[in-house]
Amino acid sequence: MTRHLQIFAAFVTLLGGCKNEPPRVPALISIAEAAPSAPPSAAETLDRMDTRTSVPLLPMMANHQKQNMRDHLAAVQEIVAALATQDYPAIEKAAGRIGFSEQMGQMCTHMGAAAPGFTEQALNFHHTADGIAAAAHARDSARVLSELGATLQTCTSCHAKWKQQVVDDATWQKLTSSARPTHTASH
């Protein structure tokens with residue numbers, strides 16, 4: 001019943017008509033119970049359907065990560081194109097963009113600060129990609145393909161497990177405060 005009908009029904013019941021019976025008051029429900037809840041947004045519905053583990057990120061971090069992923073994909077395309085012509089220096093150069101570096105390690109650690117296990121999987125991707133450059137340096141096409149296959153497998157397993165969850169600064173601070181290493185002076 002709508003709220004207006006509930007009030008009218010209560011009023012009629014209280015009047016009791018011409019009978020000498022005590023009025024029966026129907027149980028009223030709160031406005032919160034009577035109001036229909038808003039249906040979930042399309043984004044909320046999709047998020048509920050996507051059962052992968054969340055990687056909480058600030059909006060700027062999420063955007064940066066997506067840009068990196070697109071560059072990783074472009075590097076893979078460049079590796080395949082260079083392999084077709086056996087341009088090993090181009091393979092090495094493209095593989096170097098997705099291989100491990102200290103800067104990449106720091107970025108992966110920061111991105112995964114609120115998602116235990118993410119950093120390790122991300123770093124594994126970059127270390128696996130180092131094999132592509134090594135195979136190109138050895139001018140070994142079959143090994144380049146094998147290493148590329150192993151690297152792409154790390155990509156697909158990571159994307160199968162993780163999804164971005166964009167959070168606000170307060171949430172990020174709360175989620176990462178316990179994950180940050182504490183530095184103490186040692187003598």
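Because the structure is predicted, anything quoted here is derived from the model rather than measured.
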key: S41: partners by side chain to side chain contact (heavy atoms under 4.5 Å, CB included), with sequence neighbours left out   = A43, E44
task = Just do the side-chain contact (heavy atoms from CB on, under 4.5 Å) check on L148 and V80 with the steps written out, would you?
result = CA-CA 9 Å; L148 180 59; V80 171; 3.7 Å; yes
query = Residues in ring-ring contact (aromatic ring centres under 6.0 Å, His included) with H126, at least two apart?
reply = H72
task = Output all residues satisfying side chain to side chain contact (heavy atoms under 4.5 Å, CB included) with D87, sequence neighbours left out; order by chain, then residue number.
result = A82, T85, P89, A90
With sequence neighbours excluded, residues passing salt bridge (Lys or Arg N to Asp or Glu O under 4.0 Å) with D169 = none
Those residues that, when tested against D168, pass side chain to side chain donor-acceptor pair (under 3.5 Å) (two or more places apart) = T171
Check residues 136-147 and write down every donor-acceptor pair under 3.5 Å in which the side-chain atom is one partner and the other belongs to a residue at least two apart or another chain.
unit_1: H137; atom_1: ND1; unit_2: E92; atom_2: OE2; d: 3.4
unit_1: D140; atom_1: OD1; unit_2: A142; atom_2: N; d: 3.3
unit_1: D140; atom_1: OD1; unit_2: R143; atom_2: N; d: 3.0
unit_1: S141; atom_1: OG; unit_2: Y88; atom_2: OH; d: 2.4

Residue pair A129 / A95: nearest heavy atoms and the distance that separates them = O-CB, 4.3 Å
query = For M60, which fellow cluster members are found when Ile, Leu, Val, Met, Phe, Trp and Tyr are connected by side-chain heavy-atom distances below 4.5 angstrom, either directly or through intermediates?
reply = none
note = Residues pairing under salt bridge (charged side-chain N to carboxylate O under 4.0 Å, His left out) where one sits in residues 59-86, two or more places apart or in two chains, turn out to be D71-R97, E78-R97
query = Is there a path of hydrophobic side-chain contacts, each under 4.5 Å between heavy atoms of I, L, V, M, F, W or Y residues, that connects F125 with L152?
reply = yes
ask   = Hydrophobic clusters join Ile, Leu, Val, Met, Phe, Trp and Tyr when side-chain heavy atoms are under 4.5 Å apart, directly or via other members; which others share one with V166?
value = none
query = Where is the tightest heavy-atom contact between L175 and A114, given as atom of each residue plus distance?
reply = CB-CB, 3.8 Å
Qualifying residues under side chain to side chain donor-acceptor pair (under 3.5 Å), relative to K163, sequence neighbours excluded = D47
ask   = Do you know which two heavy atoms are closest between K161 and R52, and how far apart they sit?
value = O-CB, 3.2 Å
note = CG (N124) and OG1 (T151) are apart, to the nearest 0.5 Å, by 9.0 Å
request  = Rounded to the nearest 0.5 Å, what's the gap from CD on Q164 to CG on N63? Could you check?
outcome  = 8.5 Å
Can you give the donor-acceptor pairs under 3.5 Å from side chains of residues 98-109 to other protein atoms, not counting sequence neighbours?
unit_1: S101; atom_1: OG; unit_2: M104; atom_2: N; d: 3.0
unit_1: T109; atom_1: OG1; unit_2: G105; atom_2: O; d: 2.8

Least distance between heavy atoms, W172 atom then P56 atom = CZ3-O, 3.1 Å
task = Look up atom CD in Q121 and atom OG1 in T53, then write down how far apart they are to the nearest 0.5 Å.
result = 9.5 Å
request  = Scan for ring pair (Phe, Tyr, Trp, His ring centres under 6.0 Å) pairs involving residues 139-169, sequence neighbours excluded, and state none if there are none.
outcome  = F118-W162
